[in-house]
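Notes follow once the structure below has been shown.
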There are 2 protein chains.
Amino acid sequence: MATRQRSNPLALAVLALLYERPMHPYEMATTLRERRKEDSIKLNYGSLYSVVQSLERRGLVTAQEVQRDGRRPERTVYAIAEPGTVELLDWLSELVAVPTREFTQFEAALSLLACLKPDEAVRLLEERVSRLEQELAAAEGLRGHSSMSKLPRLLYIEWEYRIALRRTELEFVSSLVQEIREETIEGLAMWRDFHQQ
Amino acid sequence: MATRQRSNPLALAVLALLYERPMHPYEMATTLRERRKEDSIKLNYGSLYSVVQSLERRGLVTAQEVQRDGRRPERTVYAIAEPGTVELLDWLSELVAVPTREFTQFEAALSLLACLKPDEAVRLLEERVSRLEQELAAAEGLRGHSSMSKLPRLLYIEWEYRIALRRTELEFVSSLVQEIREETIEGLAMWRDFHQQ
DNA sequence: TCGAAAATACTCGATTCCGAGTACGCGAGT
DNA sequence: ACTCGCGTACTCGGAATCGAGTATTTTCGA
C-alpha cells in the first residue's frame, strides 16, 4: 500500500494548493500554470489525476463534493485533511533544510564526455555556451517586463535561483572550453590517444 | 514498441560502457561504481536489467554470449551494435550542446516556500546553509586526497561542476536568509499577514 | 575448518508515469 | 443558424521504475 512516498514533487504542489483552498484537479493544473510553477515543478496531466488519487488513498486529502457546471463533465473537488497538512509541512521542511543529490542531465553528459572526440566536444560545448548566453539574455529581458516586475520578489525566488545556477553553468562551461583549447587541462593527451585508433 | 526514448540516462551510461568493450550487466554496475559515476548518474539494480533489455529490443545492443564462471549464475555479455554507437554519440551530443530545463527538488521547494511561516523558513534555510558548508568542506578535503588527486581532471569534471553549483546555491541561500532577516525582501509583510489568521 | 558475513548476479511485481487520445461544450465569426 | 476550433476535463494502457527479495559462492576470521 505504501504508495511511493515523497518521490513526486507534484504531490507536494497539490498539497500546497489545497492548503490554500479546496479545488478540483483541473483547477490545480490551471492555477499552477498561471503562477508559472510549471517551470519549477514537473507538471503533467496524466500524473495529476493519479497523484490526487494516491493522496486520497493515503488519507491526506478527501473528496469533498462533485460539482457540475451546466452539462460539463463532473468535477470532484478535493480538500486537504489534517494528516495532509502535517505531511505537507514536514516534507517541505525537509526539502528546504536538507540538500540532496540532484541528478541533472548535463552532469550525466559531462561524466561521459570522453566518449566524444575532443574537437567535437569543444564544438558542442561552445554551442551550449551560446545557447546559455541567449537564455540568460532573455531572462534579463523578462525581469524588467510586465507581469514579473509587478510581483514581489518572494513569489519568484525559484526563478532567481534557476538563473543563478545557469550563470554558474555558463562560467563553468566557458572556462572548460578554454582549458581544452589551450591544452592546459590534465588528461587531454590520453583523451586524444583513446580516439586515435 | 517505442520504449521511452532518451529519458533514462542510465541507458546512455550503458551504451557508453559497451562502447569501450563488451560487458555483462553486473560488471556495468560495478564499473560505474568504481568510476564513481553513481554520484552523477542514477544507478539502480532493478532498472539496469530492464534498461539493457529495452536496448536489446531496440537493436542498439546485442547479447553476445552466455558465460559461466565456476558454478556461479550465468552472465549474459552484451556488445554495442552499430545503431547503438550512432544513438550514443547523437544523444550525448544533444545533451552537451542543448541546455534543458532541469527540475530539482530544491527549486520545487523554493517555489512553495510561502506555505511555511517566515520564521520557520528562515530557520530551515539556515540549516541548509550549514549543511551545504559541511558538504563543501568535505569535498575540498577529498580533492587533495588519495584516489582523486591521482586521476586527471578530465575524468572528474562532473564532480567540479556539481561543486560549482553547490557553491552558488550556498551563496544564494545565504543572501536570501539575510534579506528576510533584514526585512529588505519585497512581499514579506504579505507573507506574514497570510500566516497571521 | 567451520560458520558468518560479504559479494555475486539477478528476479519480481506492485506501483507510477506519461502522453496521446477522447468527448463534449461554448463562443466567435459569417 | 451553423460550424469551426479552442478550452475543458478527463481516461487509458503500456512502458518504466524501484527496492526488496533470492540463492548461491567466496572470503575471512577465530
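FYI, side chains are in, hydrogens and waters are out, and symmetry mates aren't considered; it's all heavy atoms of this structure. To find a chain, count down the sequence lines: A is the first, B the second, and so on, and within it residues start at 1.
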Is a side-chain N or O of Ser93(B) found less than 3.5 angstrom from the main chain of Leu89(B), in a donor-acceptor match?
yes
Would you say Ser47(B)'s side chain and Leu43(B)'s backbone share a donor-acceptor pair under 3.5 angstrom?
no
Under a 4.5 Å cut-off applied to non-hydrogen side-chain atoms, are Leu110(B) and Ser40(A) in contact?
no
Given atom [atom1] of [X] and atom [atom2] of [N], what is their separation to the nearest angstrom?
X        : N       : atom1 : atom2 : answer
Leu48(B) : dC18(D) : CG    : P     : 12 Å
Gln53(B) : dT11(C) : CD    : C1'   : 11 Å
Arg6(B)  : dC18(C) : CZ    : P     : 18 Å
His24(B) : dT11(C) : NE2   : P     : 14 Å
Leu10(A) : dC17(C) : CG    : P     : 8 Å
Met28(B) : dT8(C)  : CE    : C1'   : 15 Å
Leu55(A) : dT15(C) : CG    : P     : 15 Å
Tyr49(A) : dC17(C) : OH    : C1'   : 16 Å

Minimum heavy-atom separation for Thr100(B) and Arg166(A), please, with both atom names.
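Nearest heavy atoms, Thr100(B) then Arg166(A): O-NH2, 2.8 Å.
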Among dT17(D), dA16(D), dC10(D), which nucleotide sits nearest the side chain of Val51(B)?
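So the side chain of Val51(B) is nearest to dT17(D).
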Nearest to the Tyr26(A) side chain among dT17(D), dT8(C), dA9(D), which nucleotide is it?
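So the nucleotide nearest the side chain must be dA9(D).
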Should the pair Arg123(A)-Glu120(A) be classified as a salt bridge under the 4.0 Å nitrogen-to-oxygen rule?
yes
Terminal axis angle for the helix from dT1(C)-dA30(D) to dT30(C)-dA1(D), five pairs an end, nearest 10 degrees
20°
Ignoring backbone atoms, establish whether [X] has a side-chain N or O less than 4.0 Å from OP1 or OP2 of [N].
X        : N       : result
Ser47(A) : dC18(C) : yes
Arg57(B) : dA16(D) : yes
Asn8(B)  : dA16(D) : no

Hey, could you give me each pair passing side-chain hydrogen bond (donor to acceptor under 3.5 Å, both in side chains) that has a residue in residues 102-117 of chain A? Not counting sequence neighbours.
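Sorted result for residues 102-117 of chain A: Glu107(A)-Arg162(B).
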Listed once per pair and sorted, the ring-ring contact (aromatic ring centres under 6.0 Å, His included) pairs that draw on residues 98-135 of chain A, sequence neighbours left out:
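Only Phe106(A)-Tyr161(B) qualify under ring-ring contact (aromatic ring centres under 6.0 Å, His included).
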Could you pick out which residue, Thr30(B) or Gly46(A), lies toward the 5' side of DNA chain C when each is mapped onto its nearest nucleotide?
Thr30(B)
